[in-house]
Amino acid sequence: MRRKLFAANWKMNLTPSEGRSLLAALRAHLDPDAATLARDREVLVAPAFLAIPAAAQALAGSAIALGAQNMHFEAKGAFTGEVSAAMLRYFGVSHVIVGHSERRHLFGESDESVGRRAAAVAAARMTPIVCVGETAAQHDAGHTLEVVLRQLQHGLALIAPEQATTAVIAYEPVWAIGTGRTATPEQAQSVHGAIRSVLDDRFGNPVAAAIRILYGGSVTEENVDSLMAKPDIDGALVGGASLKADSFARIVRAKLQQG
Ligand code: 13P
């Protein structure tokens, strides 16, 4: 069975010292049960770039993995404001979020650029977390699957089957992000199921069955259990509720069905 992945996206929150404190508190919650938790789940935190070095120190010796919120696809050069794979790997980053809806909608990242970023992450032997999700207007117009599956095709366009097994998809409906309006488990499952079948067409069964598909958008300790009960929801990408150690720790401890 796929191990669930609980990922914290801190977005543009927490200075290095605030991040260090949060991680100390999170470790106090999770470290005592790390071996038990690791049987069926993984934990990841993605701080802002400048908090990554402090987070790497704070996570030394823990089972919690370190992620980044974005990465450029070129290895180096005249790309003001961007960060490369080598810079992230230097600090032990293992996962990189690409194509978050805030990157797409606030910073103009295109489907094509997201695909190049995902491929560069995989080529650097890190795990891309490729985000997809429709806006409220697209949702209301009934275009959810068309939008999500187009983003998925572009996001994975340059990923080879042997790289795909470890890739992660995150379905984050834009109307659910930061709004308190979570997708119902049924809504999320229906999109996750469609994503899984596209992955199956593209990569074939063993690979498609190994890829984790996370749900993101107002995940809380109250709604996480019912989301995780769905067969194609393989974890959560958590924004607001990841900024408090106790609430994120409770999300990580979600009740999971025996797989
Ligand atoms: P919220 O959990 O704050 O809705 O954010 C979700 C998200 O965008 C995670 O990447």
Side-chain angles (χ1 to χ4, degrees), residues 4-14 18-19 22 26 41-49 51-52 55 64-71 88 93-109 114 117-118 121 126-136 138-139 144 147-148 151-152 155 167-185 187-188 191-192 195 212-228 230 233-254:
K4 299 276 199 250
L5 174 61
F6 295 97
N9 176 7
W10 290 356
K11 308 192 180 183
M12 197 175 75
N13 295 291
L14 306 180
E18 289 165 345
L22 190 153
L26 186 64
R41 62 198 82 196
E42 292 169 32
V43 184
L44 170 75
V45 293
F49 289 135
I52 285 177
I64 300 170
L66 184 58
Q69 299 173 17
N70 197 11
M71 190 192 97
L88 297 179
V93 166
S94 55
H95 295 64
V96 183
I97 298 168
V98 295
H100 191 281
S101 62
E102 287 147 19
R103 298 300 321 167
R104 294 176 189 267
H105 298 297
L106 303 175
F107 301 102
E109 283 184 17
V114 173
R117 287 168 202 264
V121 172
M126 296 183 287
T127 296
I129 300 178
V130 180
C131 300
V132 296
E134 82 287 5
T135 63
Q138 291 163 335
H139 180 79
T144 298
V147 170
V148 164
Q151 292 173 340
L152 182 71
V168 174
I169 310 299
Y171 170 55
E172 299 203 304
V174 178
W175 48 268
I177 295 179
T179 58
R181 190 183 155 209
T182 322
T184 64
Q187 280 175 319
V191 177
H192 285 222
I195 291 174
R212 265 94 55 94
I213 308 173
L214 313 184
Y215 168 78
S218 297
V219 173
T220 63
E221 58 205 82
E222 282 82 32
N223 59 33
V224 69
D225 291 352
S226 58
L227 287 161
M228 293 309 123
K230 294 294 179 192
I233 303 184
D234 305 315
L237 183 53
V238 187
S242 76
L243 297 174
K244 292 221 173 79
D246 54 350
S247 57
F248 186 57
R250 282 198 281 270
I251 289 170
V252 169
R253 288 178 181 283

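Residue numbers count from 1 along this sequence. Indexing begins at 1, ligand by ligand and atom by atom, following the structure's order. All figures in this text were calculated on a predicted structure; none of them were measured in a lab.
In the vicinity of G217, heavy-atom distances shorter than 4.0 Å reach the ligand 1 atoms 4 (O), 6 (C). Per-residue contacts place L237 under 4.0 angstrom from the following atoms of ligand 1 (heavy atoms of the residue considered): 9 (C), 10 (O). Each of the atoms 1 (P), 3 (O), 4 (O) of ligand 1 lies under 4.0 Å from some heavy atom of G178.
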- Item | Derivation of the salt bridge (Lys or Arg N to Asp or Glu O under 4.0 Å) call for E109 and R103 | CA-CA 6 Å; E109 283 184 17; R103 298 300 321 167; 3.0 Å; yes
- Please step through side-chain contact (heavy atoms from CB on, under 4.5 Å) for the pair L14 and L22, ending with a clear verdict. CA-CA 9 Å; L14 306 180; L22 190 153; 3.7 Å; yes
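Q69 places a side-chain N or O within 3.5 Å of a backbone atom of P47 that can act as its donor or acceptor partner. Here the side chain of K4 pairs a donor or acceptor atom with the backbone of I233 at under 3.5 angstrom.
Any N or O atom pair closer than 3.5 Å counts here, and N9 shares at least one such pair with ligand 1. For the pair S218 and ligand 1, the shortest N or O to N or O distance falls below 3.5 Å.
Side-chain contact between L237 and V168 is absent, with no heavy atoms from C-beta onward closer than 4.5 Å.
For A176, the heavy-atom gap to ligand 1 drops under 4.0 angstrom.
For atom 5 (O) of ligand 1, the closest non-hydrogen atom of the protein is K11 NZ, 3.3 Å. Shortest contact from atom 7 (C) of ligand 1 to any protein heavy atom: E172 OE2, 3.1 Å. Protein heavy atom closest to atom 2 (O) of ligand 1, with residue, atom name and distance, is G239 N, 2.9 Å. Of the protein's non-hydrogen atoms, G240 N, 2.8 Å is the one closest to atom 3 (O) of ligand 1.
By the ring pair (Phe, Tyr, Trp, His ring centres under 6.0 Å) test, F6 pairs with no residue at all, sequence neighbours left out. Contacts of H139 classified as ring pair (Phe, Tyr, Trp, His ring centres under 6.0 Å), with partners at least two apart in sequence or in another chain: W175.
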